[in-house]
Every structure is written in structure tokens, then in C-alpha cells.
Amino acid sequence: MSLKTLQNSTDITLSFTNTAGGYRDETSPNNSIDAELWQALVPQSGRASNVHGELLRAASRIYRDAYQNGGGNIVEFEDNGYSCDHCGFYDEEEDERGDHEDQCDGGWVISDNYKELFAILDKELPSKGREVLAKVRQELLDGIIGMPSIAFDHLVDHTIHLILTTENESLVVDNNLA
């Protein structure tokens with residue numbers, strides 16, 4: 001089904017997923033729309049050539065990594081191996097760091113591989129979607145990803161709604177984010 005057909009045949013009222021993991025468990029009211037949009041907009045590999053495809057790819061990659069990998073690819077710990085600007089940790093031997101990463105609250109950052117995904121979502125989502133994105137980002141940086149909250153599902157919900165209610169555009173690639 002083409003994107004235009006999908007946009008014209010779908011009730012544009014935003015349906016929110018009711019339980020965390022709805023897309024993973026296939027219980028989201030938007031699962032079939034998500035699958036059709038993915039097929040229509042996202043290439044088998046690499047970046048999408050349009051804004052809608054890149055938005056769906058970004059939200060889905062963040063969602064999948066949170067559920068399948070605990071967000072381990074999204075965040076990384078930022079220190080130089082010996083000292084940490086966030087908590088003042090200092091050790092002369094890198095091998096003796098112990099579990100500093102588990103004890104420091106401030107050293108987690110969005111990894112370079114995911115900064116671009118957050119940037120396009122932050123740029124394109126309307127205010128409610130950006131609020132959800134901010135919550136997702138904060139949960140990842142706070143390290144509370146045992147079981148991701150429903151905010152991760154709502155990020156995909158908001159992205160789908162945006163795709164269904166706006167015109168698609170060719171993607172202008174910012175090589176500074178690549």
C-alpha cells in the first residue's frame with residue numbers, strides 16, 4: 001500500500017500504545033500501520049531518502065535498542081579512563097577503575113551513533129513528541145533501562161502520527177551529523 005493510500009485510509013486520531021513493550025509484543029494499536037510505513041519508507045539498509053523514513057528509522061532504532069539491548073548502544077560512559085569530570089573520580093591505574101561507571105551518575109552521554117537519530121526527531125517532532133523524546137533521553141542517561149517505560153512506545157506513536165499527518169520531504173543530509 002502506498003503512503004498516500006495509508007494516509008488517506010487511516011483514522012488520523014493518535015492512538016497511544018497502552019502498555020510498555022506494545023510494539024515489541026505486537027499489542028500496540030499501531031502495529032500494522034508501523035509495519036506498512038516501515039515497508040513503504042525505510043530501505044533495507046542505510047538511511048532513508050526522505051524525512052518520514054528517517055524519522056521512523058530513528059524512533060524504531062532507539063526503541064529496539066532500549067528493548068533488545070537495554071540502551072547499551074545508545075549511551076556510553078564518558079571519562080578518559082583515569083578521571084571523571086562528572087564526579088571527580090580519579091585513579092592512577094586504569095585497570096583499578098573498578099565499577100566507577102556504576103557509581104557515577106553524570107558520566108553517561110548519547111553515543112555518536114545515536115546523536116543524529118535524536119537530532120532529527122528533536123527537529124521534526126511537534127512539542128508533545130519532543131517532550132516524550134526528552135523523557136526517553138533522560139531515562140537513558142539516568143541509566144534506568146531495565147524495562148523501558150511506555151515513553152519509548154509513545155515516541156514511536158508520535159512519530160507515526162507525524163508521518164500520517166504531514167507531507168513527506170526529501171532528506172537533506174547534514175554531513176556534520178554523519
Side-chain angles (χ1 to χ4, degrees), residues 12-31 33-34 37-38 41-42 47-48 50-79 84-87 100-169 171-178:
I12 303 301
T13 304
L14 180 61
S15 297
F16 281 106
T17 304
N18 295 322
T19 57
Y23 286 96
R24 179 199 59 204
D25 301 336
E26 298 184 8
T27 58
S28 169
N30 302 318
N31 268 98
I33 296 169
D34 179 50
L37 288 173
W38 187 268
L41 296 170
V42 181
R47 293 179 182 192
N50 56 68
V51 173
H52 285 168
E54 221 21 44
L55 288 169
L56 188 59
R57 188 177 81 87
S60 296
R61 280 189 61 193
I62 292 167
Y63 181 88
R64 275 197 229 103
D65 192 77
Y67 273 98
Q68 296 172 354
N69 194 35
N73 293 319
I74 302 172
V75 294
E76 61 190 12
F77 194 76
E78 184 180 67
D79 70 5
C84 177
D85 292 337
H86 305 284
C87 70
H100 171 234
E101 294 176 9
D102 294 332
Q103 297 174 16
C104 179
D105 292 333
W108 294 99
V109 296
I110 301 297
S111 70
D112 290 342
N113 293 338
Y114 279 81
K115 284 180 183 174
E116 174 185 2
L117 302 177
F118 277 91
I120 191 167
L121 289 164
D122 200 39
K123 177 183 175 193
E124 299 291 337
L125 285 172
S127 62
K128 291 290 184 190
R130 286 194 312 274
E131 289 173 19
V132 171
L133 181 64
K135 181 175 170 101
V136 164
R137 181 184 291 119
Q138 195 59 53
E139 285 186 29
L140 288 162
L141 294 174
D142 287 346
I144 56 174
I145 301 299
M147 176 61 154
S149 78
I150 199 160
F152 289 81
D153 292 271
H154 289 176
L155 176 62
V156 178
D157 293 338
H158 279 284
T159 302
I160 288 171
H161 186 259
L162 177 70
I163 291 168
L164 293 176
T165 58
T166 61
E167 288 293 319
N168 201 359
E169 301 172 7
L171 185 64
V172 177
V173 177
D174 182 349
N175 290 323
N176 294 325
L177 296 175

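All residue numbers refer to positions in the sequence shown, counting from 1.
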*Asks:* Under the side-chain contact (heavy atoms from CB on, under 4.5 Å) criterion, do Leu117 and Arg57 qualify, and how do the steps go?
*Replies:* CA-CA 8 Å; Leu117 302 177; Arg57 188 177 81 87; 4.0 Å; yes
*Asks:* At what distance, to the nearest 0.5 angstrom, does OG1 of Thr165 lie from CD1 of Ile160?
*Replies:*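 Reported value, rounded in 0.5 Å steps: 11.5 Å.
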*Asks:* Apply side-chain contact (heavy atoms from CB on, under 4.5 Å) to Val75 and Ile110, showing your working.
*Replies:* CA-CA 4 Å; Val75 294; Ile110 301 297; 4.2 Å; yes
*Asks:* Can you name the closest pair of heavy atoms from Pro148 and Ala20 and give their distance?
*Replies:*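 Closest heavy-atom pair between Pro148 and Ala20: O-CB, 3.6 Å.
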*Asks:* Any chance you could lay out the side-chain contact (heavy atoms from CB on, under 4.5 Å) test for Leu140 and Phe152, step after step, and finish with the verdict?
*Replies:* CA-CA 10 Å; Leu140 288 162; Phe152 289 81; 4.1 Å; yes
*Asks:* Is any side-chain N of the basic residue among Lys123 and Glu54 closer than 4.0 Å to the acidic one's carboxylate O?
*Replies:*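 No salt bridge links Lys123 with Glu54.
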*Asks:* Side chains of Thr166 and His52: donor-acceptor distance under 3.5 Å anywhere?
*Replies:*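 Indeed, the side chains of Thr166 and His52 share at least one donor-acceptor pair under 3.5 Å.
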*Asks:* For the side chain of Asp153 and the backbone of Thr17, is there at least one donor-acceptor N/O pair under 3.5 Å apart?
*Replies:*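 The answer is no, because no donor-acceptor pair under 3.5 Å joins these two groups.
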*Asks:* Looking at Asp157 and Phe16, would you say the former's side chain and the latter's main chain have a donor-acceptor pair under 3.5 Å?
*Replies:*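 No, the answer is negative, given that no donor and acceptor are paired below the 3.5 Å cut-off.
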*Asks:* Between Tyr63 (side chain) and Arg24 (backbone), is there a donor-acceptor pair under 3.5 Å?
*Replies:*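 Judged by distance alone, yes, a pair lies under 3.5 Å.
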*Asks:* Without swapping roles, check the side chain of Asn30 against the backbone of Ile33 for a donor-acceptor pair under 3.5 Å.
*Replies:*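 The answer is no, because no donor-acceptor pair under 3.5 Å joins these two groups.
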*Asks:* Go through His161 and Lys128 one step at a time and tell me if the side-chain contact (heavy atoms from CB on, under 4.5 Å) criterion holds.
*Replies:* CA-CA 11 Å; His161 186 259; Lys128 291 290 184 190; over 6 Å; no
*Asks:* Do Arg137 and Ile74 have side chains that get closer than 4.5 Å, going by heavy atoms?
*Replies:*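 In short, these two side chains do not touch, never coming nearer than 4.5 Å.
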*Asks:* Quickly, which of Leu41, Val51, Asp34 forms a side chain to side chain contact (heavy atoms under 4.5 Å, CB included) with Ile163? Name it, please.
*Replies:*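 It is Leu41; the other options fail the test.
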*Asks:* Does any N or O in the side chain of Ser111 come within less than 3.5 Å of the main-chain N or O of Asn73, such that one atom is a donor and the other an acceptor?
*Replies:*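 The answer is yes, because a donor-acceptor pair under 3.5 Å joins these two groups.
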*Asks:* Ring centroid separation for Phe118 and Tyr114, is it under 6.0 angstrom?
*Replies:*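 No, they do not, as the ring centres are separated by 6.0 Å or more.
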